[in-house]
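The structure appears below as structure tokens.
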2 protein chains.
Amino acid sequence: MKSVGIVVEYNPLHNGHLYHLNESKKAANADCVIAVMSGQFLQRGEPAIVPKNIRTKMALQAGADLVIELPYAFSAQHATYFAKGAVSILHSLECSALCFGSEDGDINRFTKFLDHKKRQQSLIDQEVKQMIAQGMSYPTAYSKALSQVIGLQDEFDITRPNNILGIQYIEAIDYFKSSIKPLTIKRIAADYHDETIDHTSIASATAIRKVLSTTNQELYNQYVPSSTSLELNNYLQTTKLFHSWEAYFHLLKYKCLTASAYELNNIYEAVEGLELRVLQKIKQASSFEQLMNEVKTKRYTWTRIQRLLTHILTNTSKDQMSEYLNDGHVLYIRLLGMTEKGKEYIRLKKKNLSIPIYHNVNQQNQHDLLLDVKATNTYASVLSSGLQNDLMKTEFSQYPILYQSTSKSFLKV
Amino acid sequence: MKSVGIVVEYNPLHNGHLYHLNESKKAANADCVIAVMSGQFLQRGEPAIVPKNIRTKMALQAGADLVIELPYAFSAQHATYFAKGAVSILHSLECSALCFGSEDGDINRFTKFLDHKKRQQSLIDQEVKQMIAQGMSYPTAYSKALSQVIGLQDEFDITRPNNILGIQYIEAIDYFKSSIKPLTIKRIAADYHDETIDHTSIASATAIRKVLSTTNQELYNQYVPSSTSLELNNYLQTTKLFHSWEAYFHLLKYKCLTASAYELNNIYEAVEGLELRVLQKIKQASSFEQLMNEVKTKRYTWTRIQRLLTHILTNTSKDQMSEYLNDGHVLYIRLLGMTEKGKEYIRLKKKNLSIPIYHNVNQQNQHDLLLDVKATNTYASVLSSGLQNDLMKTEFSQYPILYQSTSKSFLKV
């Protein structure tokens, strides 16, 4: 059975994602779509608007056959580890291809660029080092160094966010010496960071989340599949909220104001005194946005700071992270959802797997899944008591969610 | 100037307390009343219903000339350290007498009992050890051992809560080899733990808090001075809440569910796996009361568990506590409020003081006051953003609150 891997967050799943999923399947000529999806906290260092079980249902209804969790250690991470984690999972599952969306859309230009880059690596590293010393943030320095050293090859623009991520996927495939074939689909309309909705049916997740937070929520219906719309509405009706950093601000503040300097410094990504800057600013901040605006400097990107705050919130230490990052090799496959085809795929690949497959948390695997459970416990902390306990229990009972694509119905949620 | 010390929590200050204050002043023939008052968290291991600045105002209006904070390290503590902390402060201030309320009311029976006790100490210790081995809680074992070994001397009932505390005060005076004269006032009506209001003007603080949580809040007016009533009403109107454990339950749960086993075990009073029992039970609990009922065993008293939960909430470690407990010797005098007479008293005693007097938190003393500031930060975490920041700022700007007793007005709040 031929499979294609896609790496997603679905925050929320929209028509652009649906297009990417379908085109990926076609491009790879695949029978089975494997979606590696971030759990409760995302790459930009923020909580997903709805929990992973809801986003898993969105993914299955959109056509994914397997939904695998990108563990916390890899999901709330900069692009390199994020990509390594996802590729590590797809490589373990003997996935045939990985297809990512990009601004460029031509895989040959990616591979050509990487050939250039390999030859110039030491020069690039040197440039990056110099620019960081001048106070530039790493991502800016990196993309600046690339353009300076390699230049614009065949008009391939390395500064676009999805092109950057694509580069990381291909480098990760290289890192694992994997036979996964990299493919790319050109993103249609809607830039990653676009905040406005102006296209007829495609809008960025950022723009959709912005609309979600307004009163006129019906506005997003034309940009998302009806299944997404239904799941979002159901969640909102039950919980009365979409998750955002603002909802967690009081917990973050409580945590910062009761932690010792030693404890804060132990948190992953707490370097160069950034955590002390957070502590100093949070005392007077009365909202998350205010805190971010106060903490932000040229040296640290918005997402870099948000990731630190995520790790403070979930109390994830440097030692813990280093154990679970395991040099990029994911320690387990966490199965969030599957169709019958996905189930069959797992059955076929199981015997070759070098890492365990987990459906839920139990006595035996609880240490492996510690960070993911802690992420869910943290994520659930803003819900009312009953709903909080329900969401915490999903780790132990709900997964994998089974979806019958022929009857379009869930067999177990 | 002759002074009398009283040890109080004023949660809230009621007519019984007012009686105790006035009678103490008479009994000691004192010019100046020094109230050593618990800060934000109390001896029973719970948040005070209103913050210490409000309770300081109550104390000054009731006739206290000096209000000194019993630091966090001593206030959320079992009776021995609680008493040692208070006596350590009064001893430093060269207080002439300490007058406590008791069920017995005759100081001679206290001293006589203690003479007996001293002679039988090794036998008592042995009995306590045996009873604890049988699964009894320490306070129960201790009072049982006392009755068994010493028996009911002159009908002196050592099992009554305020008699127990009285014994601890006298033992602490002994411990510091202090010349403070112990005095006692018989408590009129209302037992410490009484939950009903039936006396005409005296009710226990427990009963008053119970009424406060009902809709018919006017009910308590006859049991508290009008100044207390006013302060309570003002606080409620501003913040819309009285502080209770239930308000902090979601923070406690968040903290437990994100802390590592190692971190929880480092918390003060986390012994014999009690913290793991808390962790296990809190996962399914949906209220503080439910948690307490689930955690409670014969071995641990309700207050013992509440104190552990307080230290988990404030993130107070064994190492920190041992530093600040300093074998019972309080490290500083934290001045919360004073009248002109109180100010004069401090002026007279200042030169003999072996420990510093602090009015507020600054660069120099912030390490000394760390636990108290952390207690206030934690305590403020359930307030809305603006009020939270205001309360946190009181540590840096508000104290000491100045009260002019002749004009009955606050000069600085």
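Chain letters run A, B, ... following the sequence lines, proteins first and then strands; every chain starts at 1.
When A/Leu370, A/Asn377, A/Asn389 are compared by the number of non-hydrogen pairs under 4.5 Å with chain B, A/Asn389 comes out ahead. Ranked by heavy-atom pairs under 4.5 Å with chain A, the first of B/Val373, B/Leu257, B/Val382 is B/Leu257. Interface remark: of the candidates A/Ser384, A/Ser385, A/Ala375, A/Ser385 forms the most heavy-atom pairs closer than 4.5 Å to chain B.
Residues of residues 310-318 of chain A that come closer than 4.5 Å to chain B, counting heavy atoms only, are A/Ile312, A/Leu313, A/Thr314, A/Asn315, ordered by residue number. Residues of residues 278-292 of chain A lying under 4.5 angstrom from chain B, judged on non-hydrogen atoms, are A/Lys283, A/Gln284, A/Ala285, A/Ser286 in numerical order.
In this structure, the side chains of B/His250 and A/Gln388 stay at 4.5 Å or more apart for every pair of heavy atoms. Proximity of B/Thr258 to A/Lys255: side-chain heavy atoms (C-beta onward) are nowhere separated by under 4.5 Å.
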